[in-house]
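Quick notes on the structure that follows.
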Amino acid sequence: MNAQKLAHLDKTKSIEERVDLLLKQMTLEEKVGQMNQYNGFWEVTGPAPKGGTAELKYEHLRKGLVGSMLTVRGVKEVRAVQKIAVEETRLGIPLIIGFDVIHGYKTLSPIPLAESASWDMDAIKKSAAIAAAEASASGINWTFGPNVDVANDARWGRVMEGAGEDPYLGSKIGIARVKGFQGETIADLAKVNTVAACAKHFAAYGYVEAGLEYNTVDISNSKLYNSVLPPFKATVDAGVRTFMNSFSTLNGVPATGNVFLQRDILKGKWNFDGFVVSDYASIRELIAHGYAKDEEDATLKCVVAGSDMDMESYLYVAKLADLVKEGKVEESLIDDAVRRILRVKFELDLFDDPYKYCDEEREKEVVGSKANNDGVLDMAKKSIVLLKNDKNLLPLKKSGQKIALIGALANDKNSPLGSWRIASDDNTAVSVLEGMQQYKDNKLTFEKGADVVIGATSFVNEVVINTSDKSGFEAAKKVAITADVVVMVLGEHGFQSGEGRSRTDLDLPGVQQELLEEIYKVNPNIVLVLNNGRPLAISWAAEHIPAIVEAWQLGTQTGNAVAQVLYGDYNPSGKLPMSFPRNLGQVPIYYNRYSTGRPINTDKNVFWSHYSDVDKTPLFSFGFGLSYTKFEYKNLKLNKAAFAKGESVQVSVEVTNVGDFDGKEVVQLYIHDDYASIIRPIKELKGFELINLKKGETKTVSFLLTDKELGFYDNDGNYLVEPGTFKIMVGGNSDTGLESGFELN
């Protein structure tokens with residue numbers, strides 16, 4: 001290496017100065033190469049590939065025409081590709097290695113929607129930190145998370161990746177996950193156990209029509225500014241270093257080619273100085289959308305729009321340099337994109353230590369450690385939501401009970417891992433059966449009753465649902481009829497939710513509903529444990545089954561978490577981050593809806609906003625979740641009745657544990673702006689606090705409402721705080737609580 005090549009490695013200079021020095025040394029083609037990301041394409045510790053796209057990618061890597069790779073994992077593999085980039089290319093620019101670390105790497109936490117049910121920001125941050133530690137120990141330094149898509153349509157499979165239907169909760173969770181992945185400050189990216197985070201999918205992907213994956217999005221500006229964008233802005237404020245754009249459209253323009261989103265909002269109004277990566281091949285997909293004429297047109301539109309890195313479209317590396325030479329694209333746009341990419345690489349300390357993530361001893365020590373398993377078990381327990389507990393079936397007695405455990409998912413070590421577990425190993429989850437077997441003083445008998453799926457399952461293939469085989473029903477009924485309590489584990493297979501897994505039926509898949517009803521006939525003392533990646537329509541169960549536990553897909557420690565909750569060693573404290581519908585026809589359904597001009601029936605006629613066949617409210621509402629104990633709210637107080645704009649509204653409430661167990665409660669505060677220049681939802685979450693209360697203990701919980709909580713965005717994206725009257729509600733869910741109000745002058 002010559003002195004010129006080493007100039008940008010001078011540690012006495014700032015990152016910006018070092019980026020400038022390196023950028024000046026780069027040819028146009030090398031700059032474009034930094035904007036090119038390839039998927040892993042050969043056995044990197046083996047011989048060089050020959051033929052096809054693999055050989056092309058390999059040659060590009062050796063020529064410095066690759067800035068990032070994804071799905072290369074493990075210290076040996078990452079070291080091999082990094083060695084080519086650092087030691088064989090002209091400038092030795094290290095790769096940034098990306099991977100979908102969605103809810104863990106090898107040791108899996110609950111799916112993100114489940115984690116969101118904890119409403120525990122410290123636990124969520126710790127979960128992301130565990131994932132970052134394992135991924136970074138395996139050579140990875142960039143994760144494609146968090147997903148901060150607000151979504152209220154359970155048909156969309158990717159609701160499992162996000163934080164649910166509420167932008168306020170989603171913003172808090174987005175911040176927690178960014179800090180868990182990256183550390184508290186951008187300076188923490190230089191540490192060996194952090195990774196760069198990526199806020200996705202920018203923007204409005206959670207509102208795809210009909211919940212159909214990759215579909216069109218058509219929403220109002222009010223919805224965009226008030227529901228979609230706030231969690232993304234929160235991650236920018238938290239220091240997130242990368243964004244990924246959406247597969248969908250906004251205002252008729254694919255997000256990857258959307259100037260308004262990427263240039264005007266993200267890089268303009270928000271001053272985001274990280275970089276934007278396209279989702280997988282989405283630059284090329286502008287052609288399929290009908291927005292670009294051909295590959296050259298797609299390339300031009302995306303680079304102009306502000307997409308900095310091309311994930312697996314092969315177009316930037318093929319077309320971009322020529323577009324610059326032909327005068328169709330300003331080289332300043334290339335320089336801006338490359339500057340952003342290099343900035344993050346310097347922040348990760350890759351130039352000074354390109355092999356910092358390639359320590360085999362650390363990999364062995366960190367990945368799958370007991371501490372990590374203990375951490376994800378803690379997260380799993382906090383994610384469980386108790387939906388119903390009539391007849392006091394729960395917690396289970398620890399001795400002297402005959403328990404029938406029924407359902408194929410109860411003995412499944414694969415499904416609970418969820419959809420995004422591409423770095424983990426199949427069949428490594430603790431099953432519910434294994435978890436319950438740890439409690440040895442009851443007589444536990446297992447029968448599967450019926451399979452959920454038929455045949456093998458995988459990340460890339462559709463699952464085949466069992467819709468006809470009921471051959472195990474009789475055996476299940478036989479063990480149920482003599483049991484004191486029946487625990488039934490039913491729901492979705494882990495590969496029924498996630499990317500590409502939209503559903504038009506939210507009932508229990510296959511023959512499971514019939515199995516549930518048949519067991520109920522012989523023994524109604526049923527505890528239903530749901531394993532699922534989205535809200536389900538379980539109206540029959542809600543009416544008939546005395547105890548229902550929402551256990552989601554909880555990852556590696558699923559069975560231990562479920563057993564500890566069922567037996568009362570952990571008192572459930574989770575609250576729903578998404579509303580559960582009564583039936584499919586209600587979807588999308590969400591708590592922060594608008595009242596309409598005819599919200600209630602005042603004249604005893606049909607001309608009001610309602611369904612003729614079912615109540616319009618959710619089956620289980622946002623924020624709902626029970627405990628083995630009970631909480632009482634009283635003495636809701638405001639510090640005064642009227643406030644001037646800019647003044648803080650102080651709210652307090654007393655919460656008492658009036659039950660028989662110690663427990664945790666998520667105290668939730670909602671507001672309603674009675675009248676505004678743009679109509680406001682009937683209620684909006686604007687504060688919450690997770691508190692621990694001993695049996696009989698009372699705590700006073702205080703909230704502070706400022707202009708940040710009381711305002712909203714108009715249709716041009718301007719933030720307004722308008723005078724008027726406000727209602728407030730404080731309680732344990734979005735449906736019930738103490739109410740008061742105030743005036744803002």
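Here the structure is a predicted model, which is why all the values come from computation and not from measurement. Atom set for the values below is all heavy atoms of this structure, side chains included, hydrogens, waters and symmetry mates excluded.
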Report yes or no: do [X] and [Y] form a side-chain donor-acceptor pair below 3.5 Å?
X	Y	result
Lys448	Asn411	no
Asp374	Gln557	no
Tyr570	Lys664	yes
Ser627	Thr629	no
Asn372	Tyr105	no
Glu499	Tyr214	yes
Asn414	Arg421	yes
Asn147	Tyr205	no
Thr235	Arg177	no
Thr428	Asp425	no

Check whether [X] reaches the backbone of [Y] with its side chain - one donor and one acceptor, N or O, closer than 3.5 Å.
X	Y	value
Asn215	Glu209	yes
Asn442	Gln401	yes
Arg582	Ser539	no
Asn523	Ala483	yes
Asp100	Ile102	no
Thr143	Ala197	no
Thr457	Val463	no
His103	Pro112	no
Asp166	Leu169	yes
Gln438	Asn560	no

Practice problem: Could you go through the side chain to side chain donor-acceptor pair (under 3.5 Å) check for Ser497 and Arg503 one step at a time? | Solution: CA-CA 8 Å; Ser497 61; Arg503 293 182 62 195; over 6 Å; no

Quiz prompt | NZ/NE/NH1/NH2 to OD/OE distance under 4.0 Å, Asp149 and Lys200 | solution = no

Quiz item: Is it true that Lys398 and Asp569 make a salt bridge, defined as a side-chain N closer than 4.0 Å to a carboxylate O?
Solution: yes

Quiz prompt | Residue list, ring-ring contact (aromatic ring centres under 6.0 Å, His included) with Tyr611, at least two apart or on another chain | solution =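 If we apply the ring-ring contact (aromatic ring centres under 6.0 Å, His included) test to Tyr611, skipping adjacent residues, there are no hits.
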
Self-check item: From Glu550, Gln496, His493, Gln553, residue fulfilling side-chain hydrogen bond (donor to acceptor under 3.5 Å, both in side chains) relative to Asn532
Solution: Glu550

Distance flag, aromatic centroids of [Y] and [X], threshold under 6.0 Å:
X	Y	value
Trp540	Tyr520	yes
Phe580	Phe624	no
Phe622	Trp119	yes

Quiz item: Which one of Leu433, Thr558, Val562, Val432 satisfies the side chain to side chain contact (heavy atoms under 4.5 Å, CB included) criterion with Val489?
Solution: Val432

Self-check item: Test log, rule side-chain contact (heavy atoms from CB on, under 4.5 Å), inputs Leu394 and Leu396
Solution: CA-CA 5 Å; Leu394 293 175; Leu396 299 173; 4.0 Å; yes

